[in-house]
Amino acid sequence: MSKLWSGRFSKGSAKLLDEFNASLPFDKKLYKEDIKGSIAHATMLASVGILSSVESESIVSGLKEIEHMIDDGEFVFDISDEDIHMAIEKQLIKKIGESGKKLHTARSRNDQVALDFRLFVQKSNLEIIDLLQELIESLIYISKDNTSTLMPGMTHLQHAQPINFAFHMLAYANMFKRDIDRFESSYKRSSVLPLGCAALAGTPHKIDRVKTAQLLGFDSVSVNCLDTVSDRDFALEILFNTSTVMVHISRLAEELILWSSYEFKFITLSDEYSTGSSIMPQKKNPDVPELLRGKTGRVNGNLISLLTVLKGLPLAYNKDMQEDKEGVFDSVQNVSISLQILKEALLTMHIDKENMLKACSTGHLSATDLADYLVAKCNIPFREAHFITGHAVSHAEKLGKDISSLSYEELKDVDERIGEDAIKFLSLRNSMNARDSQGGTSEESTKKQIKDFEEWLAKRD
Ligand code: ARG
């Protein structure tokens, strides 16, 4: 059978053109969405009398057989069919004859591809949401065991204030929770039926788009056909959302890499999720977090790539838009595996609580507490308290000590208004627990954050 659109052509297409033009090698991934959409379309066409019920039944059963053929690897893909839509339609006509030729009534590949791709993106949104939720669950699991694990909180990668490890993990849980929110709102926004817009202007056939929307589970029907066949916002959204997830993953990956170095030694990645060096026998490399960090590049690239493809396109469909799929497939696949492997790496790593505690004894983590003490107990304005504390820090440095281990006498040398009770304020655990404002790092506040997460998770199940 020649090409389905070959009526006005007198010569067949060049082989090179077939290879260049075809999307079949990658869009065959959409076969289930294509068949689902065609079944809904045929059912709707029968409901309005455009197809007889016999015709629609034979189309539906033919499509189901084709689906099984593809499932079982029995379908022979021929690149000269151009794309998955043509490949399936051609096979259908081959299988059921004349009624197969009626399936494309009131439809074009422009609304067909908009539908198939949208269904794929919607399915991917839901799959990624599940994986994000599993990752959050594992962060909560780790947090529950670490609300009293002191670690240095940092700014500028310099010791800043003592926090607990659970608080740090919960920061990431919050990022991934916002990611879920983004995928959910994108899902809702994309729940609009494109099918029935045909090439760009609608169709003279008396179709029932509401019926098709119901059959496919869409919330509504698109309102302007020209916009509908040109619109790839749903693809941009999943590319942005996956990029944001990868940026979050990458920041955590970076910390895992730092924390597993000899300089930090806060964690040890399990052997199952580390690799060795081919030359240096002593090495255990953090390849997993490094690859997670590295993959962020391609996922971010996919977003920029589609933005660039779309930016100058006149309405409506242009073949440039065929370039929308591979980046989305790639981002979805890479984010999915990244979420799974990050979860496993976290659950299997060893957390070295003692080393984290040891690290807290340098860098004057509780310096701010001395300033806060001077404000609260000695009625000294904060700016001045800050200055005095600066002195205390340099005094401690001269003595080769951390501010948290200065004695009462040593503190008195800095400013005689400092009382004995300042010692308690300077203790690291006290410093952490003092930060009990809403969202703060105190054990109490951290436990509350865990409880809120658990309630949120329970509601989702
Ligand atoms: N393979 C095409 C794509 O992925 C399908 C739509 C083709 N439409 C057209 N008018 N040539 O974008």
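Order of listing sets the numbers, starting from 1, for every ligand and every atom in it.
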Around [atom], find the nearest protein heavy atom and jot down its residue, atom name and distance.
| atom | answer |
| --- | --- |
| atom 5 (C) of ligand 1 | D83 OD2, 3.4 Å |
| atom 4 (O) of ligand 1 | K325 NZ, 2.6 Å |
| atom 2 (C) of ligand 1 | Q322 OE1, 3.3 Å |
| atom 11 (N) of ligand 1 | R109 NH2, 3.6 Å |
| atom 10 (N) of ligand 1 | N110 OD1, 3.0 Å |
| atom 6 (C) of ligand 1 | Y317 OH, 3.5 Å |

Less than 3.5 Å apart, any donor N or O on the side chain of [X] or [Y] sitting next to an acceptor on the other?
| X | Y | result |
| --- | --- | --- |
| N355 | K265 | no |
| N433 | E444 | no |
| Y31 | D71 | yes |

Practice task
Please determine if K29 forms a cation-pi arrangement with F329, meaning its NZ or CZ atom is less than 6.0 Å from the six-membered ring centre and no more than 45° off the ring axis.
Solution key: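 The answer is yes, since K29 meets both limits relative to F329.
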Exercise for the section: May I ask you to establish whether K28 and F77 are in a cation-pi arrangement, using a distance under 6.0 Å from NZ or CZ to the six-membered ring centre and at most 45° from the ring axis? Expected result: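 Flagged: K28 positioned over aromatic ring of F77.
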Handout entry: Geometric N/O contact E82 with ligand 1, under 3.5 angstrom
Key =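 Looking only at distances, the answer is no, because the N/O contact criterion of under 3.5 Å is not met.
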Practice task
Assess whether side-chain contact (heavy atoms from CB on, under 4.5 Å) is satisfied between L200 and N110, documenting all intermediate values.
Solution key: CA-CA 8 Å; L200 73 163; N110 298 350; 5.7 Å; no
